[in-house]
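Inspection log for the structure reproduced underneath, given as structure tokens.
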Amino acid sequence: MNAYVSSVIEYVKKKYANEPEFCQTVEEVLTSIAPVVDAHPEYQKVDLLTRMVEPERMFTFRVVWCDDAGQWHTNTGYRCQFNGAIGPYKGGLRFQANVTPSIIKFLGFEQTFKNSLTGLPMGGGKGGADFDPAGKSDAEIMRFCQSFMTALYRYIGPDVDVPAGDMGVGAREIGYLFGQYRRLKGAWENGVLTGKGFTFGGSLTRPEATGYGSIYYLQEVLKHEGEDIKGKTIACAGFGNVTWGICKKARDLGAKVVTLSGPDGYIYDPDGVSESQEKIDYLVEMRNNGHDRVKDYADKFGVEFHAGEKPWGVKVDVVMPSAMQNDVHMEDAKKIVANGVKYYIEVANMPTTNDALQYLMGQKGMIVAPSKAVNAGGVAVSGLEMSQNSERLVWSAEEVDEKLQGIMKNIHAMSVAAAEEYGLGYNLVAGANIAGFKKVATAMMEQGCF
Ligand code: 2IT
């Protein structure tokens with residue numbers, strides 16, 4: 001591999017040895033884009049890669065809040081404004097007990113290339129807090145969000161940095177965050193957050209967008225292989241907003257989602273979670289009841305529950321890891337291969353360990369699609385929400401959905417073209433990294449050295 005690329009990967013691994021997720025994504029992305037660096041010696045001259053792996057700005061802040069019993073708590077809030085070369089920083093907020101600087105940084109780095117792929121003018125950012133929303137009352141969530149925004153509001157804005165939701169942050173949290181921002185600013189700047197409620201500037205189809213977009217992307221892959229989505233069985237993970245969107249679109253197109261997972265294990269529903277509206281609606285109920293367990297689904301619908309296991313040993317046509325980072329390890333990848341799965345479509349951010357990803361990509365006949373392309377529909381519709389907010393208008397669900405489909409098709413086509421340009425064949429992982437990288441790199445070069 002290009003010596004400059006290797007040296008930057010080694011530099012990051014050494015400097016950030018205590019940030020394993022960040023090192024993992026840097027290695028994955030930089031390895032993919034090595035041929036582009038070979039072709040552009042001017043990048044090394046300005047040391048573009050070291051600049052790219054350093055966030056423009058990253059900060060922590062104190063978030064103090066009071067629980068319903070009158071006890072006070074202190075959490076750490078984060079915002080990483082990773083790269084603003086192609087637009088205002090854009091990316092979600094994650095509220096989860098295990099949030100660390102490494103997790104926020106890896107997500108911000110990924111987001112930079114993902115946002116570039118959407119073709120919309122959005123830079124990369126990410127944030128969150130090590131706050132565990134499980135079991136918190138509505139009033140506790142509200143107080144936490146208000147305190148979080150009180151610390152963050154002066155560093156964001158519709159033309160500066162536009163947060164959204166991620167794990168633990170949904171429409172409810174975005175509502176409370178926006179309410180506090182509005183109160184503090186004394187102005188109607190609803191372009192400051194996306195994923196808002198529909199009564200105050202939220203885009204129709206945003207809740208479904210990540211799931212729908214991933215199925216649209218899958219359709220492009222299947223089209224490339226001369227296959228139809230109708231009748232396909234899909235293994236999903238998680239049971240949150242993204243998986244819910246996948247189930248809805250899979251049902252509309254005649255495919256069947258047969259697994260869900262949670263921290264407690266996985267369920268197998270051979271008739272399909274996507275079989276009925278009642279089942280799909282139940283995902284929302286399970287997410288809202290705060291138990292954070294998928295066994296409830298098995299109890300309600302009388303299907304198999306496998307305690308403490310992941311769904312990767314189930315024989316299906318398509319595997320879509322849609323829960324969280326590093327969910328699929330080498331031993332899972334081996335099961336997927338043994339089952340003869342042809343389509344491995346990542347949905348969650350970095351759901352596969354690097355060794356498992358390399359192993360899967362090395363299997364003859366297997367098609368691997370990377371999350372930064374597959375899940376980009378979510379942030380793409382966030383970009384469309386920003387456009388609607390700045391123009392003070394509202395697009396219909398059909399209009400947004402049509403634009404989303406166009407964006408997903410384009411991401412697939414751009415990835416195919418980028419991989420072909422470097423003689424890599426139908427390599428969607430390398431293609432997405434290269435296409436995403438090229439635009440950001442060009443913008444950085446043209447804006448000069450800073
Ligand atoms: O990972 C992601 O792309 C998100 N959590 C959505 C980000 C956004 O700004 O909509």
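For reference, positions follow the sequence shown, starting with 1. For ligands, and for the atoms within them, numbers begin at 1 and follow the listed sequence. Any value given below was found using the heavy atoms of this structure, including those in side chains, with hydrogens, waters and symmetry copies removed.
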Going by the order shown, which atoms of ligand 1 are within less than 4.0 Å of some heavy atom of [X]?
X    : answer
G92  : 7 (C)
G165 : 4 (C), 5 (N), 6 (C)
Q111 : 1 (O), 2 (C), 3 (O), 7 (C)
A164 : 8 (C), 9 (O), 10 (O)

Provide, to 0.1 Å, the distance between [atom] and the closest protein heavy atom, together with that atom's residue and name.
atom                    : value
atom 5 (N) of ligand 1  : D166 OD1, 2.8 Å
atom 9 (O) of ligand 1  : K90 NZ, 2.7 Å
atom 6 (C) of ligand 1  : R206 NH2, 3.6 Å
atom 2 (C) of ligand 1  : K114 NZ, 3.2 Å
atom 10 (O) of ligand 1 : S382 OG, 2.6 Å

So how far is it from M122 CE to T194 OG1, rounded to the nearest 0.5 Å?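 Interatomic distance, M122 CE to T194 OG1, rounded to 0.5 Å: 8.5 Å.
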
Assess [X] against [Y]: is NZ or CZ under 6.0 Å from the centre of the six-membered ring, and within 45 degrees of the ring's axis?
X    : Y    : value
K105 : Y16  : yes
R79  : F61  : no
K136 : F131 : yes

Main chain of N98, side chain of D130: is a donor-acceptor contact present, judged purely on distance under 3.5 Å?
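Side chain of D130 to backbone of N98: no pair is present.
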
Given 3.5 Å as the limit, does a donor-acceptor pair link the side chain of S322 with the main chain of A237, or not?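 Present.
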
May I ask you to check whether V162 has an N/O atom sitting below 3.5 Å from an N/O atom of ligand 1?
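Between V162 and ligand 1, no N or O pair is found under 3.5 Å apart.
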
Exercise for review: Would you check whether K126 has a nitrogen or oxygen atom less than 3.5 angstrom from a nitrogen or oxygen atom of ligand 1?
Suggested key: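 There is such a contact, yes.
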
Does a salt bridge link R206 with E385, judged by any charged N lying under 4.0 Å from a carboxylate O?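 No, R206 and E385 are not salt-bridged.
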
So which bit of N349 gets within less than 4.0 Å of ligand 1, heavy atoms only: side chain, backbone, both or neither?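 N349 to ligand 1: side-chain contact only, backbone stays beyond 4.0 Å.
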
Relative to each other, are the rings of H73 and W65 parallel, tilted or perpendicular (30° and 60° limits)?
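Judged by the thresholds at 30° and 60°, the geometry between H73 and W65 is parallel.
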
